[in-house]
2 protein chains.
Amino acid sequence: MAQPEPAQGAKARSTIREVASAAGVSIATVSRVLNGRPDVAPATRDAVMRAVRDQGFTTNRTARALSGGRTGFVGVTLPLIEAAYFARILAGTAEALHEQDMRVVLTPTLHLHDRAVTLLDRLMHGTTDGAILMLPEETNEELKALRRLGYPFVVVDPREPLDEGIPAVSAANASGARAATQHLLSLGHRRIAAILGVAEWTASVERLLGFRAALASAGVLADPALVVESDFSIEEGEKAAAALLDLPEPPTAIFAFNDNMAIGALRAARARGLRLPEELSVVGFDDSEEAAIVTPALTTVRQPLAEMGRMAASLLLRLLENQTLEALNVELATRLVVRDSTAPPRP
Amino acid sequence: MAQPEPAQGAKARSTIREVASAAGVSIATVSRVLNGRPDVAPATRDAVMRAVRDQGFTTNRTARALSGGRTGFVGVTLPLIEAAYFARILAGTAEALHEQDMRVVLTPTLHLHDRAVTLLDRLMHGTTDGAILMLPEETNEELKALRRLGYPFVVVDPREPLDEGIPAVSAANASGARAATQHLLSLGHRRIAAILGVAEWTASVERLLGFRAALASAGVLADPALVVESDFSIEEGEKAAAALLDLPEPPTAIFAFNDNMAIGALRAARARGLRLPEELSVVGFDDSEEAAIVTPALTTVRQPLAEMGRMAASLLLRLLENQTLEALNVELATRLVVRDSTAPPRP
DNA sequence: GACGTTTCTGTAACCGTTTCCGGGAGAATC
DNA sequence: GATTCTCCCGGAAACGGTTACAGAAACGTC
C-alpha cells in the first residue's frame, strides 16, 4: 500500500504493467508471453522475458485465479487419525501436483459444524479447482450431490463402496489379502484367523473377500469363530487377538487387516508367553513404518501409498482438463512383504 | 461462463451482486454486512443476511484476496523425510489456522531448482500471507533476507541457531535432554553414552548441552569416547550404538538423540545378545509412534509436536496482525516418558 | 496495384471483492 | 429554522491479471 520502496534488496513486487512498460509493450502481450501463447514474435518475447527477469517478476496467482477462473489449488481433506498413513499418501499427492505447478491446500476434517452451511463444497468453492478426499466421511449420496454440482474430485480409500462414476483410487485390497492368506496357507497353516477392521469400510470388506477366496481355493473350511471384528487400533487388535488365542482351539495364524491390529496381536501373543513366530504367525496389512520395527518384524501387505497419492492427483488433473477418464476406479497393486512374524505351524 | 443454470440442486455460485439486488441494496452494503462492519442498519443487515442464506452465497475468497490484499493462506514448507514427525506438527498448525478461517498450503521442499529465481518467497508471493517453515534448509542469511522483505514467517525446529528477531518455536531440547540424563543417573548409571543426531543442527547442540549439564551437575566426568555422532536414522543409530557397545569399556546406558537412533541402539544391543534393559538402558527423544511399540518400549522425551504446530500458527497470526511479538523464540516444554527400556545398571 | 491472408499487438471489458469518498436523511444544537 | 453532526448507504475506483475483439503491418496472389 505504501510507496513501493525498493530498499537495498527488498524489491517490491512488480506488476505486469511495469514489466509491460519496461519492455515497451502492452500488458496483453506480457500476459501472452507469460502463458506461453504462440502468437508472439520472437523478438517481442525476448524483450518481455528480459524485463521479467530484470524485475524479478512473478505472476500474482491470486489475480490470475480471479481472472482466469482457475486457482491452481487443490483441496485435500483427510481424517486426523492415522496421520502417518495419510501423510505418506499426501506426500505423493503434493509432489505430483507440484510438478504441474499446482498446490495442495489442507482442509482437515474436524469439527463438522452444521452440515447445511459447511457442506464441503462451500469450503472450497472459488478457492480450489478440485479436491482429493481421503477416507471421506461423506456418504455416497453427499458425494454424488457434490459431483452433480460439477465440482471435480477424486476419492482415496473410500469408506463405503462408491457409486459408479465417482473416481476413486485404492489399494488392491482383495488381492493383497489373498496373497497374505496364501502365504500362510503355503506355510502349512489351516486354522487361520482374521481380525477385521471396521467391518463396514470397503477396505475391510474387500480384504475379507480376498481372505475367504484364498481359503476356499485351498479347500480350507473357514471357521466363522475365527473371523472377528475390530477397529484398526492397536488396543482393540490386542483384545481381538486375545479372544482368539483363548479359544479352545486357537488359530495357528492370525491375519490382521492392518498393521496396528497385527501389532496388537503380537502383544496378545507375547502376553500369553507364545513364542513368535513358532507358535503363532501374524500377518498385517499396510506396511507401516512400525511393521519393520516391531519384534518380530511383521510380515505384511505393502500398500503403495505414495503412488496412490500420485495417482489420485493425476486423475484429478485429467478431470480438470475435462478429459474423460476411461478408468474411474483405480486399484493399485499391493505386494506381500515377508518378514519374521510368519513361519510354519508347529506339527 | 455459461448461463447460470440453477438446476435441481446445482445452484450455480452466486455473486455479491446478485445478493445485493435480491436484498435491494448495493454491493458495498453487502460487503459490509459480510465483513461484520458496524455501520449497517439492523434492518438492512437482516435483509442482506436473508438474501445470502437464500442464495447459498459464499464469498469468493480469491476475489477477496485480490481486493483485500490478504489471501487467507499460509504456506508451510517441510522436508520430505520424517513424514510422521512433521505430520504431527502440521496437524496442529492446520487445526489452529483453520480455527481462524485460514488454510494451509503445502509447498514441499524438493527440487531446489535455481535458487535465484525460486527463492522460497517467490513460491509464495501473492498467494500466501505468511509461512511456517519446518526444519528449513535455508541459511540464516537467507532467512534474514526473507525477513527484510517484510514477509512474515515463523520457523519450527530451526536447523541452525537463528538470528535474533526471527520467530521460531522448538521443543525445550536442553531441558529434555537434561531430564533424560538425570533419569539415567538416578538409576545409577555412570557410563552414559550419547548418540548425537546431525551434529550441526540446533536440536543436537541443545540436547548435547543438556546432556553435559546433567552429567556435570551430578559430578560425573563425561568420557569423550562415549559421545558419538550419527544422523537421526535407524541404520546409522545402530552402527553408532554398535561401535559404542564394542568399546573395551562399553557404556551401561545410551541416550540417543531421537527415537530412530534409539531403536537402532536396541537392535545393536539385541544383535550382541544383551538383555534389555538389564544389561543396557536406552533412552530416546521425540516419543514417536514407534517408541511405544518397540520392545522393550522406549523410555523417551516427549516433544509436544501438535502444540508446537499450534504455537507456530499463533505466532504467525500475531505477526500478520502486525502485533509485535514479545517472545520471538518460544520453547515448549518436553516431558520424560519412562517405559521399559531403562533400568538400573547391573552391579 | 488492389485485395485477401496471416501474423502480431494493443484496447478494453471483465473476474468478484473491498474500500475510499461523498451525499442524503434525520437528529441534535443553537 | 438554519447549521452541524451522525448514521447509513451507493458510486466507482482499485486489486493484477486474462482474453475477446479489432486493427496495423507484412506478405502473397492475381
Side-chain angles (χ1 to χ4, degrees), chain A residues 1-4 12-48 51-52 55-73 101 122 124-129, chain B residues 1-2 4 12-49 51-52 55-73 101 122 124-129:
Chain A
M1 294 298 130
Q3 62 288 7
R13 62 135 90 22
S14 58
T15 79
I16 201 176
R17 253 165 273 274
E18 307 177 37
V19 172
S21 81
V25 299
S26 76
I27 60 169
T29 301
V30 175
S31 176
R32 276 187 277 259
V33 171
L34 255 25
N35 292 298
R37 293 269 185 293
D39 54 349
V40 178
T44 312
R45 178 182 305 277
D46 288 350
V48 171
V52 166
Q55 314 221 356
F57 169 87
T58 41
T59 117
N60 180 325
R61 300 186 113 221
T62 305
R64 187 211 291 274
L66 179 57
S67 176
R70 284 184 55 162
T71 64
F73 285 123
D101 201 31
R122 308 228 157 291
M124 0 201 75
H125 237 22
T127 92
T128 56
D129 298 332
Chain B
M1 296 299 131
R13 60 134 93 19
S14 59
T15 77
I16 202 177
R17 245 166 282 272
E18 308 178 37
V19 172
S21 81
V25 299
S26 76
I27 61 169
T29 301
V30 176
S31 175
R32 276 187 277 258
V33 172
L34 255 24
N35 292 298
R37 293 270 183 292
D39 53 349
V40 178
T44 312
R45 178 182 306 275
D46 288 349
V48 170
M49 291 298 247
V52 165
Q55 314 221 355
F57 170 86
T58 41
T59 117
N60 181 324
R61 299 186 114 220
T62 304
R64 187 210 290 272
L66 180 58
S67 177
R70 283 183 58 161
T71 65
F73 286 123
D101 201 30
R122 307 230 159 288
M124 0 201 74
H125 237 21
T127 91
T128 56
D129 298 334

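In the helix from C/dG1-D/dC30 to C/dC30-D/dG1, the rotation axis of the first five pairs and that of the last five pairs differ in direction by 50°, rounded to 10 degrees.
When the nearest nucleotides of DNA chain D are assigned to B/T29 and A/R17 by heavy-atom distance, the more 5′-ward of the two goes with B/T29.
For B/R45, the side-chain contact (heavy atoms from CB on, under 4.5 Å) partners at least two apart in sequence or on another chain are B/V33, B/V40, B/M49. Shown here are the side-chain hydrogen bond (donor to acceptor under 3.5 Å, both in side chains) partners of B/D46, two or more places apart in sequence or in another chain: there are none. B/I16 meets the side-chain contact (heavy atoms from CB on, under 4.5 Å) test with B/I27, B/V30, B/S31, B/L34, B/F57; sequence neighbours excluded. With sequence neighbours left out, B/A51 forms a side-chain contact (heavy atoms from CB on, under 4.5 Å) with B/V19, B/A22, B/A23. Partners of A/D101 according to the salt bridge (Lys or Arg N to Asp or Glu O under 4.0 Å) rule, which considers only residues two or more places apart in sequence or in another chain, are A/R61, A/R103. Residues satisfying the side-chain contact (heavy atoms from CB on, under 4.5 Å) test with B/S26, not counting sequence neighbours, are B/A28, B/T29.
If you take CG of B/N60 and P of D/dG17, they are 17 Å apart, rounded to a whole angstrom. Atom P of nucleotide C/dC14 and atom CG of A/L66 are separated by 14 Å, given to the nearest angstrom. Distance CD1 (B/I16) to P (C/dC15): 14 Å, rounded to an integer number of Å. Protein atom CD1 of A/I27 is 9 Å distant from nucleotide atom P of C/dT11, rounded to whole Å.
Nucleic acid contact for A/V30: none, since no nucleic acid atom lies under 4.0 Å from a heavy atom of the residue.
Using a 4.0 Å cutoff on non-hydrogen atoms, the parts of residues 31-47 of chain A near DNA chain D are A/S31, A/N35, A/R37, ordered by number.
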Side chain to side chain contact (heavy atoms under 4.5 Å, CB included) assessment of A/N35 paired with A/R64: CA-CA 11 Å; A/N35 292 298; A/R64 187 211 291 274; 2.7 Å; yes

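The side chain of B/S67 contributes no N or O atom lying less than 4.0 Å from OP1 or OP2 of C/dT17. Side-chain N/O atoms of B/S26 include none lying less than 4.0 angstrom from OP1 or OP2 on D/dC9.
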All N/O pairs under 3.5 Å across the protein-nucleotides 24-28 of chain D interface:
none

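The heavy-atom pair separating A/D129 from A/G72 by the smallest distance is OD2-N, 2.8 Å. The minimum heavy-atom distance between A/Q55 and A/E18, with the atom names listed, is NE2-O, 3.6 Å.
Using a distance-only test at 3.5 Å, with no hydrogens or angles considered, no donor-acceptor pair links the side chain of B/T62 to the main chain of A/L66.
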